**Q** 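Can you read through this structure? Questions will come right after.
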Amino acid sequence: MKKLQYQQTDFQGNCENAVWSEEYYSYLVDYLFSDHLLQGKHDVSCVEPLGYNEAIVYIRKENASESFLNSEPALGYDQIPRCYGLMDMGELRETGVLRLQQSPQFGLRGQGVLVAIIDTGVSLTDSLFLYEDGTTKVVAYWDQGDQDGRKPEGYPFGTEWTREEIDALIAGNISRNAADYIPGGVTKDASYGIDGDLTDGDYGDTEMGNYTLPDDENGHGTFLAAVAAGREDAESGFSGVAPDSELIVVKLKRPKQYLLDFYSIEDSVWACQEDDVLLAIRYVLDVATRLKRPVSICLGIGSNMGGHSGTGSLERYISAISLLPGVSVHIASGNEGISGHHYHGEVPAGQSYTEVEFHVEEEENGFVMELWGNVPVTFSIGLLSPGGENVERIQLKLNETRSIRFFPKNTVLRIRSYTGETASGEQVIRMNFRHPVAGVWRLFVYATGNGARSFDLWMPISNFLKEETFFLSASADETITSPGDALYGITYVPYDISTDSLYVRASRGYTRDGRVKPDLAAPGVAVAIPGQTFRNQASNGQTSSSQISSDQIFPVQTSRQIIRSGSSVAAAFGAGIGALMQEWALVKGNNPSLNGQNMRFYLTQGANQTQAYDYPNREWGYGTVNIYDAFLSLRR
């Protein structure tokens, strides 16, 4: 296979602490639209170019005011990183995978291909990720949140584990001779006993020489890795889609506190930030390029923030790399269809405004609501609180931010309008509610000017809100979450193979600019993997089992298997299928130029369709994925 090629860049400036330290703000910059952040007005500590005109800028907090995010004129809408949450809520035969694995003609199992899991991490001691000799199938593992170990080359934060280091710890080979395999090596504080073994000292992320592997405390990433690339388990009859593929794992770090506060995300909720995901993708490409192997990337995360038209920083980056030979990105569509977090409306001709009602649950911490309006019409808003406080029409000047306090005094709304500053050139009104009073709010949307007077409103994803916070007249359409709206990414909606019905919470298309999303439906309802069997290092290699089940979002204990539902599961199926197609095309040399966009075309051509629907449609996209039929379509 030809070596992967893409725009590689290096950090500029002192970024040693800026990426992970709470003393720095992170901003996303497009050199074509927002390079003013680099032109000397702010004390930029360092710049991380990502390629494809995109970069991350880090600015010290002491050089920015407390209200920097809300009021700084230089910060356009697209510069503030979004926070993402998890899209988790007989499959191999249904998708044509089993026929490809068993076919003498194809015999595809993912050999020579990498599957990348960018998520909550992976449990490295799970037998699904170990070969028969006990060695790992993970070629590289980057724990972004661990700052004590050896950093990946070219990245100033996190800890990287190589295959050799993982194998050494799994095998229990912790000795002086194995010191080179320990992330960070041995620091100056470490010392040796008379037998040459390590004694008390600083051992990176461990103490007293008790070395520990990075783990997946959530279980979400482990589940996705098992579905996409888990080894066969003869006892349970389980196999991942591409069992002979190998894994690159990135365990995303938690967002910085200023972003958690800005988006009102509670400490108990898993989240990640956009620039860390961008760096994770670049790291995956670095590893795949070094190993000269194709890579199928799984993204089981999502956000409701953004224009839902593929123009955000992460979406544009995904579209750019999806045109590279040997790279495909498989994305969750979201579980927002019945959440009530999207409203589509229009200000009728001859009227100055229309009214939108939304309900806020008791003790809601806060949330960001965004209004996206079609140009050239100009939109503005007014509000009526549940307590009867009326806020007349708010018409903001360019770069103006306004704060409004409601009774009781701790209810605050910060509002800002961005006009023509997004990559799509549309108007955005961002409303940041802090400690909103419970009850029904009434939002008055005003429109001025000629043209289409339609608009869309989005609240955050379900993971970031209480259940009873929603629009009273919500629309299930256009609920595909970011980055599932990326132009060239492959986006999957979950369905139940036992009933041939969509997941009840499945998001619906299309994108706001009218493109077909989701692309395909894949198994994603009550999907089961074996309960985890792992080595307990504390018990001298004895094995124990841990079984966790997740119904929609919350884990529930079961006896023998782990069960999950949601679009992230469907994306994992897609990533495994992508690995099989890459094995055929790139490893076996049948199509050396195959990229993500080509793959999307072939898979949609082979999708199963029923006579009950017209295709493509908002619910199923082009139909249910079937890789065997996709290969047959290549011969037509």
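Below, each value reflects all heavy atoms present in this structure, side chains not excepted, and no hydrogens, waters or symmetry copies. From a predicted model like this one, the values you see are computed outputs, not experimental measurements.
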**Q** Closer than 3.5 angstrom, by distance alone: can the side chain of Glu389 be matched with the main-chain N or O of Pro386 as a donor-acceptor pair?
**A** no

**Q** Return yes if some donor-acceptor pair links the side-chain N/O of Arg505 with the main-chain N/O of Gly566 below 3.5 Å, else return no.
**A** no

**Q** Calculate, to the nearest 0.5 Å, the distance between atoms CD and OG belonging to Glu48 and Ser26 respectively.
**A** 11.0 Å

**Q** Any donor-acceptor pair under 3.5 Å linking the side chain of Gln147 with the backbone of Gly158?
**A** yes

**Q** Mind checking the CG-OG spacing from Leu50 to Ser313? Nearest 0.5 Å is all I need.
**A** 8.5 Å

**Q** Quick check against the 3.5 Å criterion: does Ser309 have a side-chain atom that pairs as donor or acceptor with the backbone of Asp513?
**A** no

**Q** Are Leu443 and Met369 packed together at the side-chain level, in the sense that at least one heavy-atom pair is separated by less than 4.5 angstrom?
**A** yes

**Q** Please check: side-chain N/O of His341 versus main-chain N/O of Pro460, any donor-acceptor pairing under 3.5 Å?
**A** yes

**Q** Between atom OG1 of Thr222 and atom CD of Glu217, what is the distance when rounded to the nearest 0.5 Å?
**A** 9.5 Å

**Q** I want to check something: taking the side chain as every heavy atom from C-beta on, are Ser339 and Ile461 in contact at a cut-off of under 4.5 Å?
**A** no

**Q** Would you check if Trp161 and Val138 make a side-chain contact, meaning some heavy-atom pair closer than 4.5 Å?
**A** no

**Q** Under the side chain to side chain contact (heavy atoms under 4.5 Å, CB included) rule, what do Leu28 and Gln79 come out as? Steps first, then yes or no, please.
**A** CA-CA 4 Å; Leu28 299 171; Gln79 273 80 70; 5.5 Å; no

**Q** Where does the angle between the aromatic ring planes of Tyr25 and Tyr258 fall among parallel (under 30°), tilted (30 to 60°) and perpendicular (over 60°)?
**A** perpendicular

**Q** Could you tell me whether the side chain of Glu274 and the main chain of Pro81 form a donor-acceptor pair under 3.5 Å?
**A** no

**Q** Does the side chain to side chain contact (heavy atoms under 4.5 Å, CB included) test come out yes or no for Thr511 and His308, once each step is laid out?
**A** CA-CA 6 Å; Thr511 61; His308 294 248; 5.8 Å; no

**Q** Quick one: does Asn17's side chain get under 4.5 Å of Glu23's, heavy atoms only?
**A** no

**Q** When the aromatic ring centroids of Phe464 and Phe367 are compared, is their separation below 6.0 Å?
**A** no

**Q** Could you tell me which non-hydrogen atom of Asp485 sits nearest to which non-hydrogen atom of Ile480, and how far apart they are?
**A** N-CG2, 4.1 Å

**Q** Ile577 and Val241: which non-hydrogen atoms are nearest, and at how many Å?
**A** N-CG1, 3.5 Å

**Q** Where do Tyr492 and Ser567 come nearest, in terms of heavy atoms and distance?
**A** O-CB, 3.9 Å

**Q** Kindly indicate whether the side chain of Ser333, heavy atoms from C-beta on, has any atom under 4.5 Å from the side chain of Pro494.
**A** yes

**Q** Using every non-hydrogen atom in the two residues, find where Val360 and Pro436 come nearest and quote the distance to one decimal.
**A** CG1-CG, 3.8 Å

**Q** Under 6.0 Å between ring centres, would you say that holds for Phe471 and Trp441?
**A** no

**Q** So how far is it from Ile318 CD1 to Ser328 OG, rounded to the nearest 0.5 Å?
**A** 11.5 Å

**Q** Is there a salt bridge (Lys or Arg N to Asp or Glu O under 4.0 Å) between Glu370 and Arg430 once you walk through the steps?
**A** CA-CA 5 Å; Glu370 293 182 350; Arg430 173 182 275 152; 3.6 Å; yes

**Q** Output, in order, the C-alpha distance, side-chain angles, deciding distance and verdict of side chain to side chain contact (heavy atoms under 4.5 Å, CB included) for Tyr317 and Val277.
**A** CA-CA 11 Å; Tyr317 195 71; Val277 180; over 6 Å; no

**Q** Would you call the rings of Tyr155 and Tyr283 parallel, tilted or perpendicular if under 30° counts as parallel and over 60° as perpendicular?
**A** perpendicular

**Q** Do Ser501 side-chain atoms and Asp496 backbone N/O form a donor-acceptor pair below 3.5 Å?
**A** no

**Q** Between Glu54 and Arg282, does the salt bridge (Lys or Arg N to Asp or Glu O under 4.0 Å) criterion hold? Intermediate values first, please.
**A** CA-CA 12 Å; Glu54 296 193 47; Arg282 201 191 74 171; over 6 Å; no

**Q** Counting only N and O atoms by type, is there a donor-acceptor contact under 3.5 Å from the side chain of Thr479 to the main-chain atoms of Arg508?
**A** yes

**Q** Over 60° means perpendicular and under 30° means parallel, so classify the ring planes of His342 and Trp458, tilted if in between.
**A** parallel

**Q** Check whether any side-chain heavy atom of Met305 lies under 4.5 Å from a side-chain heavy atom of Tyr263, and answer yes or no.
**A** yes

**Q** Report the distance from atom CD1 of Ile166 to atom CG of Leu213, rounding to the nearest 0.5 Å.
**A** 7.0 Å

**Q** So do the side chains of Val227 and Arg564 get within less than 4.5 Å of each other, counting heavy atoms only?
**A** no

**Q** Decide yes or no on ring pair (Phe, Tyr, Trp, His ring centres under 6.0 Å) for Tyr418 and Trp372, but give the supporting numbers first.
**A** CA-CA 10 Å; Tyr418 303 84; Trp372 287 73; 9.2 Å; no

**Q** At their closest point, which heavy atom of Ala271 faces which heavy atom of Leu260, and how far apart are they?
**A** CB-CD2, 4.5 Å

**Q** The test is side chain to side chain donor-acceptor pair (under 3.5 Å); show your working for Gln427 and Ser417 and say whether it passes.
**A** CA-CA 7 Å; Gln427 180 189 5; Ser417 177; 3.2 Å; yes

**Q** Pair Asp276, Lys253 - check salt bridge (Lys or Arg N to Asp or Glu O under 4.0 Å), show working.
**A** CA-CA 7 Å; Asp276 291 336; Lys253 73 176 181 64; 3.0 Å; yes

**Q** Is a side-chain donor-acceptor pair under 3.5 Å present for Asp477 with Ser475?
**A** no

**Q** Quick check: does any side chain N or O of Thr159 sit under 3.5 Å from a backbone N or O of Gly149, one acting as donor and the other as acceptor?
**A** yes

**Q** Check the pair Glu160, Arg150 against salt bridge (Lys or Arg N to Asp or Glu O under 4.0 Å), reporting the backbone distance first and the verdict last.
**A** CA-CA 6 Å; Glu160 182 182 44; Arg150 177 180 49 77; 3.0 Å; yes

**Q** Does any N or O in the side chain of Thr491 come within less than 3.5 Å of the main-chain N or O of Gly484, such that one atom is a donor and the other an acceptor?
**A** yes

**Q** Dump the intermediate steps for side chain to side chain donor-acceptor pair (under 3.5 Å) on Ser123 and Asp216, then the final yes or no.
**A** CA-CA 5 Å; Ser123 179; Asp216 177 12; over 6 Å; no

**Q** State whether a side-chain donor-acceptor pair under 3.5 Å links Glu315 with Ser482.
**A** yes

**Q** Measure the shortest side-chain to side-chain distance between Ile404 and Leu383 over non-hydrogen atoms and say whether it is less than 4.5 angstrom.
**A** no

**Q** Using a strict threshold of under 4.0 Å (side-chain N to carboxylate O), is an ion pair present between Lys256 and Glu22?
**A** no

**Q** Between Ser568 and Leu86, does the side chain to side chain contact (heavy atoms under 4.5 Å, CB included) criterion hold? Intermediate values first, please.
**A** CA-CA 8 Å; Ser568 59; Leu86 301 177; over 6 Å; no

**Q** Measure the CG-CD1 distance between Asp275 and Ile80 for me, rounded to the nearest 0.5 Å.
**A** 12.0 Å

**Q** To check you understand the geometry: which heavy-atom pair defines the closest contact between Pro483 and Ile301, and what is its length?
**A** CD-O, 3.8 Å

